[in-house]
Amino acid sequence: MSSSLNTPALGYRFERLLAKPGSGLILLLVLFIIAMTFVSPAFLSFGNWENIANQAVFVLLLALGMTIVLIARGIDLSVGSVMGLSAGVCAFLINQGLILPLALFAGIACGLFCGLLNSLMITKLGLPDFVATLAMLGVARGVLFLWTKGTPFTRYMTPEYRLVGGQVKLGGIISIPIIVAIILCILVSLMLRKSVIGRHLYAVGGSPDAARLSGISVPAVKTFAYVVSGGCAGLAGVILAGRATNVAPTLGTGYEILAITAAIIGGAALTGGRGRMVGAILGALTITLIANAMNIAGITSEWQQVVTGIILLLAVLLDRLTAYFKQRQTSAEIEHYPQQKPAPATVAKQALS
């Protein structure tokens with residue numbers, strides 16, 4: 001038997017752990033929480049964790065859509081500005097006398113429309129995902145700034161909207177944004193794991209050419225991914241408008257970086273074909289916890305942006321490291337047990353896990 005099979009059990013298990021996308025994130029969160037309890041006893045207070053949960057909702061909603069786009073081998077840089085524009089649409093229509101449900105629907109529809117425009121630029125005009133969504137980022141942000149003339153939308157708040165925004169708890173127990181996030185996570189998870197479109201998303205992300213040869217409409221799958229991402233951004237925007245009580249021209253700025261970071265450290269791959277909803281949830285929680293810790297520690301917003309950029313860089317490096325160990329583990333299994341070489345269908349199934 002080859003000497004390489006005598007690898008210490010601890011080292012082998014460590015490699016297997018690193019080979020699983022986002023597997024070390026829970027351990028990182030536990031260690032981080034333990035460390036913060038020594039820095040500030042207030043970190044573990046119920047009020048602080050309630051605030052963390054409400055803040056994580058917005059990053060999570062964007063990260064869900066971003067994860068779907070990344071699975072399909074794309075990237076959406078426009079989610080932050082689309083979130084701000086959708087919030088502006090909702091606030092403006094309420095000020096014009098439109099009832100709250102229709103205003104909320106219009107804001108979400110704005111996000112869906114922006115996502116559709118992104119997909120058309122990519123699938124019909126042939127623009128790279130990065131260029132198309134970067135253009136949408138500038139357009140959406142510019143439209144909101146011109147629309148508001150640099151002055152935030154105000155005086156649109158109603159008692160019902162405070163409930164939607166999470167300022168008031170439903171039944172005095174839980175906020176509507178958290179309920180919405182839980183329901184959306186369940187639906188998206190079921191879609192990815194159980195539906196045909198979920199399998200198509202992974203197939204397109206794994207190999208667009210192979211997916212096309214298999215009869216999958218790659219443009220339709222990409223369109224679906226970007227429309228869902230835009231819808232998530234629109235939903236996050238109308239909820240954030242209810243929590244912030246005003247819509248500033250810069251609302252949503254920087255959220256695209258948070259969404260990408262949360263999705264990647266949660267296990268989604270920039271190269272496509274990989275990602276899970278559990279990872280997106282853990283990623284959003286990690287980002288929010290770090291931001292909360294920096295606020296408690298009194299770190300200024302400028303340095304918080306620096307830290308977020310460093311986290312994104314580390315997330316990309318972790319993604320590369322995970323892919324390396326996964327490939328190394330698969331190669332070792334095939335080398336040492338050639339008679340058990342997995343069939344192509346098995347390899348494809350493992351890639352989705």
Side-chain angles (χ1 to χ4, degrees), residues 57-83 85-87 104-124 129-130 132-133 136-137 140 177 180-206 208 211 216-240 252 255-256 258-260 262-264 266-270 272-281 283-284 352:
V57 164
F58 305 107
V59 179
L60 174 58
L61 292 176
L62 297 181
L64 290 177
M66 187 66 69
T67 297
I68 294 175
V69 170
L70 288 172
I71 289 173
R73 195 175 285 197
I75 192 167
D76 192 350
L77 300 178
S78 66
V79 291
S81 57
V82 170
M83 179 173 71
L85 181 60
S86 299
L104 293 174
F105 177 79
I108 297 173
C110 174
L112 292 169
F113 180 70
C114 291
L116 179 62
L117 290 180
N118 280 333
S119 68
L120 292 177
M121 287 189 287
I122 294 166
T123 60
K124 300 300 183 183
D129 300 58
F130 180 90
T133 57
M136 179 58 69
L137 180 154
V180 170
I182 292 173
I183 294 174
L184 191 60
C185 285
I186 294 173
L187 292 177
V188 173
S189 180
L190 291 174
M191 181 270 293
L192 288 177
R193 295 169 60 88
K194 304 295 184 180
S195 70
V196 173
I197 186 62
R199 293 192 292 271
H200 287 181
L201 284 166
Y202 284 109
V204 169
I216 298 174
S217 175
V218 176
V221 173
K222 297 277 281 190
T223 298
F224 174 82
Y226 279 101
V227 169
V228 170
S229 180
C232 288
L235 178 60
V238 298
I239 295 177
L240 182 59
Y255 268 92
E256 57 278 345
L258 298 179
I260 294 172
I264 293 177
L270 289 170
R274 195 179 76 217
R276 298 183 304 166
M277 288 303 97
V278 174
I281 295 171
L352 302 184

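The model shown is predicted, which means the values in this text are computed figures rather than measured ones.
The CD1 atom of Ile71 lies 10.5 Å from the CZ atom of Arg276; values are rounded to the nearest 0.5 Å. Separating the CG atom in Leu137 from the CG atom in Leu85 is a distance of 11.5 Å, to the nearest 0.5 Å. Here the CD1 atom belonging to Ile75 is positioned 6.0 Å from the CG atom belonging to Leu270, to the nearest 0.5 angstrom. Asn118 contributes atom CG, which lies 10.5 Å from atom CZ of Phe113 (distance to the nearest 0.5 angstrom). Here the straight-line distance linking atom OG1 of Thr223 with atom CG of Leu120 works out to 6.5 Å at 0.5 Å rounding.
Checking Val69, Val82, Leu77 one by one against Thr133, the side-chain contact (heavy atoms from CB on, under 4.5 Å) holds for a single residue, Leu77.
Within the 4.5 Å cutoff, the side chain of Leu61 has heavy atoms near those of the Val57 side chain. Ile239 places a side-chain heavy atom less than 4.5 Å from the side chain of Phe58.
Panel note: side chain Tyr226, backbone Cys114; no donor-acceptor pair is recorded below 3.5 Å.
Here the closest heavy-atom approach between residue Ser86 and residue Gly234 is recorded as OG-CA, 3.4 Å. Closest approach of Ala72 and Ala225 over heavy atoms only: CB-CB, 4.2 Å. In terms of heavy atoms, Leu70 sits closest to Ala263 at CD1-CB, 3.7 Å.
Among residue pairs with one or both ends in residues 216-226, those qualifying as salt bridge (charged side-chain N to carboxylate O under 4.0 Å, His left out) are Asp129-Lys222; sequence neighbours excluded. Residue pairs meeting the side-chain hydrogen bond (donor to acceptor under 3.5 Å, both in side chains) criterion with at least one partner in residues 57-69, sequence neighbours excluded, do not occur; the list is empty. Identified under the side-chain hydrogen bond (donor to acceptor under 3.5 Å, both in side chains) test for residues 68-77, with sequence neighbours left out: Asp76-Ser78, Asp76-Ser229.
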- Check step by step if side-chain contact (heavy atoms from CB on, under 4.5 Å) holds for Ser119 and Ile122. CA-CA 5 Å; Ser119 68; Ile122 294 166; 5.7 Å; no

- Item | CA sep, side-chain torsions, deciding dist, call: Leu258, Leu62, side-chain contact (heavy atoms from CB on, under 4.5 Å) | CA-CA 9 Å; Leu258 298 179; Leu62 297 181; over 6 Å; no

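By the side chain to side chain contact (heavy atoms under 4.5 Å, CB included) test, Val228 is found to be paired with Ile68, Phe224, Cys232, residues two or more places apart in sequence or in another chain being considered. Residues passing the side chain to side chain contact (heavy atoms under 4.5 Å, CB included) test with Ile216 are His200, Ala203, Val204, Ala211, Val221, sequence neighbours excluded.
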Just distance, no hydrogens or angles: give the donor-acceptor pairs under 3.5 Å from side chains in residues 180-195, sequence neighbours left out.
residue, atom, partner, partner atom, Å
Ser195, OG, Met191, O, 2.3
Ser195, OG, Gly198, N, 3.2

